[in-house]
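Down below is the structure, laid out as structure tokens.
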Amino acid sequence: MSAATLLTAILLAACAYQSGALAVLLQFCRRRSGEGQSAESQPGVSILIPAVSVGEGFALRLDSHAAQDYPEFEILVGVQSSEQAALQAVSTVRANHPGVRITAVGSGPPPPGCNPKVHVLERLAVRARHPVLLLVDADVSVPRGHVRGVVQELSSLGVGAVTCLYRAQPAARLSSQVEACLINTAFPGQVLLGERLQGLRFALGATIVTRSETLRDSGGLARVRHFIGDDYHIGANVAALGLQVRLSSVPVCTHLSASDCWKTVWQRQLRWSRVIRKQRPGGHAGLAASHATICALLALLAAPSVTWPLALAAVLLRFAAASAAARAVGSAGLWRTLVLLPMADVLGFGAWAGSFLGNTVRWSGRRMRLGKAGRIQG
């Protein structure tokens, strides 16, 4: 096979991927515009928030959960004694919402080989008073009708869990802006294409809502405590019961830290990419076709006279899909997002390519080695 033929095949794959992503993203936007029914069943909900290294702004994010328009819910926040910022946030939000049960639950350091977030969630789950559990990351804020909406979707026949897309709210640093651009323009299409092609057999950690009995029947949190990417395994275990994992029509917002430098951003993106490679090796390898900007650039450098029409088409489709993705998750500042897109695509390609060059990641100040499916080996 000649180099020109190979480059043409790569560009055709990139165009096909971006076309597919654009189609499912536009469909998701239409699904969002058709939302709005009220839930018939409104069981009590326990919101579990593992406050591990919460950073700035946690009180505002916690307040978004306390302000929910829902008849009966509680909030359990897992904290360590060193997390003074989290404890202060709990006190502040509790004072602002005296009618909401908000409890800080202490937890010690995780044992070796244990996911620190799951270690906290296990302690929260045993304290939960309600039949529905909503697991949410500490860096996430939600709209006022979030609980009502996801509980409504959970009540559908055959649904075992509901999860949400999310947009990243960046801080002022360029590194944060670029990472947010990558998250908001690449990740939604990947998730929605996976849902279309294979069905949703995983969950996203920003929000997971399920019944306590479903979580128990799927093996509980104990079954995922030794894995990074616990959200993926929680969803996979629910799907293994023959129940549907549904993607909510309403995204949530994850807030990037103002202290995140380029090194932190790189380590996080590399960690996510390596975890996905361990969890879904075939699908992760197939993401080569998602890097349309890089594919186009390499093709133009190697054979510009032959590949430029397809290269241009790939880049235009990438920008169209990026615009649709930003719209799908409610990301503001679309033009700034598109200006940053080339840098974001370089970051995304670098993390994807780098994911094949090792099995170690850094998380919460710890260096971890990953085994099969993301199991923590040390």
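The figures here come from the full heavy-atom set of this structure, side chains too, leaving out hydrogens, waters and symmetry mates.
- With contacts defined as side-chain heavy-atom distances shorter than 4.5 Å, the pair Gln279/Phe202 does not qualify.
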- Query: When you look at Val329 and Tyr166, which way does the side-chain contact (heavy atoms from CB on, under 4.5 Å) test go after all the steps?
  - Reply: CA-CA 6 Å; Val329 296; Tyr166 54 88; over 6 Å; no
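- For the residue pair His255/Ser141, the side-chain donor-acceptor check at 3.5 Å is satisfied.
- The local environment of CZ in Arg367 is sparse, with at most 12 non-hydrogen atoms from other residues, nucleotides or ligands closer than 6.0 Å.
- Between Ser46 and the choices Arg101, Arg129, Arg127, Glu74, the side chain to side chain donor-acceptor pair (under 3.5 Å) rule is met once, by Glu74.
- With Arg31 contributing its side chain and Gln27 its backbone, the two residues share no donor-acceptor pair below 3.5 Å.
- When every heavy atom of Ser248 is checked against every heavy atom of Cys164, the shortest pair comes out as CB-SG, 3.6 Å.
- In terms of hydrophobic clustering, with Ile, Leu, Val, Met, Phe, Trp and Tyr side chains grouped at heavy-atom distances under 4.5 Å, Leu11 and Leu298 are assigned to different clusters.
- A ring-centre distance under 6.0 Å is not found for Phe227 and Tyr232.
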| request: Take Ile294 and Val346 through the test side-chain contact (heavy atoms from CB on, under 4.5 Å) and record every step on the way to the result. | output: CA-CA 7 Å; Ile294 305 301; Val346 170; 4.1 Å; yes
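- Under the 3.5 Å distance criterion, the side-chain polar atoms of His233 are matched with a main-chain donor or acceptor of Ala373.
- Val162 is not listed as a side-chain neighbour of Gln244, based on a closest heavy-atom distance of 4.5 Å or more.
- More than 12 heavy atoms of other residues, nucleotides or ligands lie within 6.0 Å of CH2 in Trp262, so this atom counts as buried by the packing criterion.
- Between Cys181 and Leu341, some side-chain heavy-atom pair lies under the 4.5 Å cut-off.
- The two residues Leu7 and Ala303 make their nearest non-hydrogen contact at CD1-CB, 4.1 Å.
- Leu133 and Ala128 get closest at one heavy-atom pair: CD2-CB, 3.6 Å.
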Using the rule given for side-chain contact (heavy atoms from CB on, under 4.5 Å), can you reason through Leu247 versus Thr163, listing the C-alpha separation, both sets of side-chain angles and the distance that settles it, and then say yes or no? CA-CA 5 Å; Leu247 189 65; Thr163 192; 3.9 Å; yes
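- Looking at every heavy atom in both residues, Pro170 comes nearest to Ser176 through CA-OG, 3.4 Å.
- Using cut-offs of 30° and 60° for the angle between ring planes, the Phe356 and Trp352 rings count as perpendicular.
- Taking 4.5 Å as the limit, every side-chain heavy atom of Arg148 sits out of range of all side-chain heavy atoms of Gln68.
- By the 4.5 Å heavy-atom criterion applied to side chains, Lys263 and Ser175 are not counted as neighbours.
- The backbone N or O of Ala168 lies less than 3.5 Å from a partner atom in the side chain of Asn184, making a donor-acceptor pair.
- The nearest pair of heavy atoms linking Met368 to Pro116 is CE-CD, 4.2 Å.
- Taking the centre of each ring, His65 and Phe73 stay at or above the 6.0 Å mark.
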*Derivation of the side-chain contact (heavy atoms from CB on, under 4.5 Å) call for Arg274 and Leu357*: CA-CA 9 Å; Arg274 282 185 175 162; Leu357 303 179; 4.3 Å; yes
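- Side-chain atoms of Leu256 and Gln177, non-hydrogen and from C-beta on, never get closer than 4.5 Å to each other.
- For the pair Arg144 (side chain) and Ala67 (backbone), a donor-acceptor distance under 3.5 Å is present.
- Residue pairs satisfying the side-chain hydrogen bond (donor to acceptor under 3.5 Å, both in side chains) criterion with at least one member in residues 205-228, sequence neighbours excluded, are listed as follows: Glu122-Arg225.
- Here Ser257 pairs with Glu56, Ser259 under the side-chain hydrogen bond (donor to acceptor under 3.5 Å, both in side chains) rule; sequence neighbours left out.
- For the atom pair OG (Ser355) and NE2 (His284), the distance works out to 3.0 Å, reported to the nearest 0.5 Å.
- Screening Gln267, Arg268, Gln269 for a side-chain contact (heavy atoms from CB on, under 4.5 Å) with Arg271, the sole residue that qualifies is Arg268.
- Remark: Leu48 CG to Leu135 CG distance equals 5.0 Å, nearest 0.5 Å.
- The two residues Trp363 and Lys117 make their nearest non-hydrogen contact at CH2-CB, 4.1 Å.
- With values rounded to the nearest 0.5 angstrom, Ile10 atom CD1 is found 4.0 Å from Leu6 atom CG.
- Without hydrogens or angle criteria, Glu153 side chain to Val159 main chain gives no donor-acceptor distance under 3.5 Å.
- The salt bridge (charged side-chain N to carboxylate O under 4.0 Å, His left out) search around Asp139 returns none, not counting sequence neighbours.
- Cluster annotation: Phe349 and Val275 are assigned to distinct hydrophobic clusters (Ile/Leu/Val/Met/Phe/Trp/Tyr, side-chain heavy-atom contacts under 4.5 Å, transitive).
- Distance check, rounded to the nearest 0.5 Å: CG of Leu221 to CG of Leu124 gives 9.5 Å.
- With a 4.5 Å cut-off on side-chain heavy atoms, Met343 and Leu347 do not count as touching.
- Between Arg173 and Asp260 there is no salt bridge, since no side-chain nitrogen of the basic residue lies less than 4.0 Å from a carboxylate oxygen of the acidic one.
- Atom CD of residue Glu195 and atom CZ of residue Arg246 lie 9.5 Å apart, to the nearest 0.5 angstrom.
- Here the CD1-CZ distance, from Ile376 to Arg369, works out to 13.5 Å after rounding to the nearest 0.5 Å.
- A 4.5 Å side-chain heavy-atom check between Thr185 and Thr337 finds at least one atom pair inside the cut-off.
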